[in-house]
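Just so you know, residue 1 is the first one in the sequence shown, and it goes up from there. Basis for what follows: all heavy atoms, side chains included, without hydrogens, waters or symmetry-related copies.
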Amino acid sequence: MELVRLGRALGEGWIAGHEQDDTDRCVKSAGRVLRILELFDVLKREAPVSVVSELLGLPQSSTSVLLRTLVEMGYLVYNNPTRSFAPTTRLSLLGSWVNGPMVSDGPLIRLMHRLNVRTGQAIVLAARNQTFSEYIHVVQATSPVRLYVVQGSRRPLACSATGATLISDLPVSEIKRIGIRYNAEPQEVDIKVSVTTLLERVQAVRTNGYAFHHNTVTPGAGTIAMCLPEPMTAHERLSIGIAGPSDILLRSKDEFVAAMREEIASHLVDSAGEPQRCDAIDRFSSSSPVRLAAVNHGG
């Protein structure tokens with residue numbers, strides 16, 4: 001995603017995301033369709049072909065074909081007077097059954113909004129996607145000086161706060177493998193992390209219950225992250241983070257960590273002190289002849 005252009009389109013001066021085109025590693029047309037849908041989720045408004053093409057760095061001709069295909073399938077609608085496209089209700093309902101009681105209309109979203117109100121910073125929800133921590137939902141900051149975090153952004157597990165929390169329960173051998181692979185592969189931001197340093201960071205998460213990284217992927221910014229209670233979902237580990245300017249996070253670290261612990265306990269832990277479960281997914285995964293695979297724990 002073209003971050004500078006996206007920042008101008010959103011009216012944001014400081015924006016964090018990732019610019020790598022990951023579609024080269026998958027079926028290109030499928031990858032581009034998903035990037036288009038994710039872009040609309042970021043823009044939260046209709047957009048013409050030219051804007052979609054420019055922000056995603058895609059050829060305008062193929063972008064037009066994909067957009068019109070999505071219209072024919074009922075996932076986008078075309079506004080003739082403005083010559084723009086916008087998502088339909090059908091798209092918003094797609095996947096609403098996945099962890100709905102916990103996410104769509106439940107305590108997890110309330111938790112994120114409460115942290116947003118208490119801190120004024122961006123609140124990110126992250127899940128593991130192979131060797132990355134992926135921001136699957138973001139509540140944007142409300143403070144005057146703020147960092148805008150692009151939903152769908154990925155951060156390497158080896159050099160991000162959410163990544164450190166997501167791998168904190170893995171065996172040492174698996175953590176070493178992640179570190180070796182990270183250093184061997186080209187990255188969008190060339191930050192090397194030794195296996196020893198990675199193990200030390202994971203141990204700090206196990207000891208302190210949170211991770212705090214700053215001035216790494218995004219200069220001048222950072223994230224304080226904490227894993228959510230494991231039984232909350234049946235098939236993936238989730239991490240929640242407070243993302244913002246490094247100076248604010250450094251100054252308010254203890255206050256923000258306390259807020260995260262209080263809100264997690266308030267929203268995701270029952271009266272007996274046990275993590276809440278999402279019964280809808282538990283019933284699905286236990287009754288289905290094909291159990292849900294841990295998609296985001298692979299790789």
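- In summary, the side chains of Thr82 and Glu46 do present a donor paired with an acceptor at a separation below 3.5 Å, with no hydrogens or angles considered.
- Nearest heavy-atom pair across Leu198 and Ala158 is CD1-O, 3.7 Å.
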Test side chain to side chain contact (heavy atoms under 4.5 Å, CB included) applied to Val124 and Ile240, step by step: CA-CA 6 Å; Val124 302; Ile240 196 164; over 6 Å; no

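- Pro81 is linked by a side chain to side chain contact (heavy atoms under 4.5 Å, CB included) to Asn79, counting only residues two or more places apart in sequence or in another chain.
- Leu108 is listed as a side-chain neighbour of Leu228, based on a closest heavy-atom distance under 4.5 Å.
- No side-chain N or O of Thr162 forms a donor-acceptor pair with one of Ser239 less than 3.5 Å apart.
- The ring pair (Phe, Tyr, Trp, His ring centres under 6.0 Å) contacts involving residues 30-88 comprise Tyr78-Phe85, where partners must be two or more places apart or lie in separate chains.
- Residues Tyr182 and Val172 are members of one and the same hydrophobic cluster, defined by side-chain heavy-atom contacts under 4.5 angstrom among Ile, Leu, Val, Met, Phe, Trp and Tyr.
- Counting only N and O atoms by type, the side chains of Ser53 and Ser50 include no donor and acceptor under 3.5 Å apart.
- Listed for the Ser252 side chain is no donor-acceptor partner under 3.5 Å among the backbone atoms of Glu255.
- Side-chain contact between His113 and Ile109 is present, with at least one heavy-atom pair separated by less than 4.5 Å.
- Proximity of Gln121 to Ser143: side-chain heavy atoms (C-beta onward) are separated by under 4.5 Å at one or more points.
- Side chain of Thr218 to main chain of Ala16: no donor-acceptor pair is present (N/O by atom type, distance under 3.5 Å, no hydrogens or angles).
- Side-chain contact, Ser64 with Gln60: no donor N or O sits under 3.5 Å from an acceptor N or O.
- In this structure the side chain of Ile178 reaches within 4.5 angstrom of the side chain of Ile167, judged on heavy atoms.
- The ring pair (Phe, Tyr, Trp, His ring centres under 6.0 Å) pairs that include a residue from residues 146-180 number zero, where partners must be two or more places apart or lie in different chains.
- Side-chain atoms of Arg128 do not come within 3.5 Å of backbone N or O of Arg237 as any donor-acceptor pair.
- With a 4.5 Å cut-off on side-chain heavy atoms, Ile123 and Val138 do not count as touching.
- In this structure, Val149 and Ile15 have side chains that are not in contact, with every pair of non-hydrogen atoms separated by 4.5 Å or more.
- A donor-acceptor pair under 3.5 Å is absent between the side-chain atoms of Asn116 and the main chain of Met112, judged by distance alone.
- A distance-only check finds no donor-acceptor pair linking the side chain of Thr216 to the backbone of His213 [under 3.5 Å].
- Looking at Phe212 and Thr223, their side chains never come closer than 4.5 Å, going by heavy atoms from C-beta outward.
- Under the 3.5 Å distance criterion, the side-chain polar atoms of Lys253 are left unmatched by any main-chain donor or acceptor of Leu250.
- At least one donor-acceptor pair under 3.5 Å links the side chain of Asn183 to the backbone N or O of Gly179.
- The backbone N or O of Glu134 sits nowhere less than 3.5 Å from a side-chain atom of Arg154 that would complete a donor-acceptor pair.
- Within the 4.5 Å cutoff, no side-chain heavy atoms of Lys44 are placed close to those of Pro87.
- In the displayed structure, Arg251 atom CZ is contacted under 6.0 Å by more than 12 heavy atoms of other residues, nucleotides or ligands.
- In this structure, Arg68 does not pair ionically with Glu72, as no charged nitrogen and carboxylate oxygen lie closer than 4.0 Å.
- Under a hydrophobic clustering in which Ile, Leu, Val, Met, Phe, Trp and Tyr are joined whenever their side-chain heavy atoms come within less than 4.5 Å, directly or via other members, Leu147 and Phe256 fall into different clusters.
- Looking at Ser160, its side chain does come within 3.5 Å of a backbone N or O of Gly163 through a donor-acceptor pair.
- Linking ILVMFWY side-chain heavy atoms closer than 4.5 Å, directly or via other members, places Ile242 and Leu238 in a single hydrophobic cluster.
- The existence of a salt bridge linking Glu262 and Arg118 is confirmed by a sub-4.0 Å separation between a basic side-chain nitrogen and an acidic carboxylate oxygen.
- Side-chain heavy atoms closer than 4.5 Å link hydrophobic residues (I, L, V, M, F, W, Y) into clusters, and following such links, even through other members, never connects Leu249 to Tyr135.
- No salt bridge links Glu38 with Arg35; every basic N to acidic carboxylate O contact stays at or beyond 4.0 Å.
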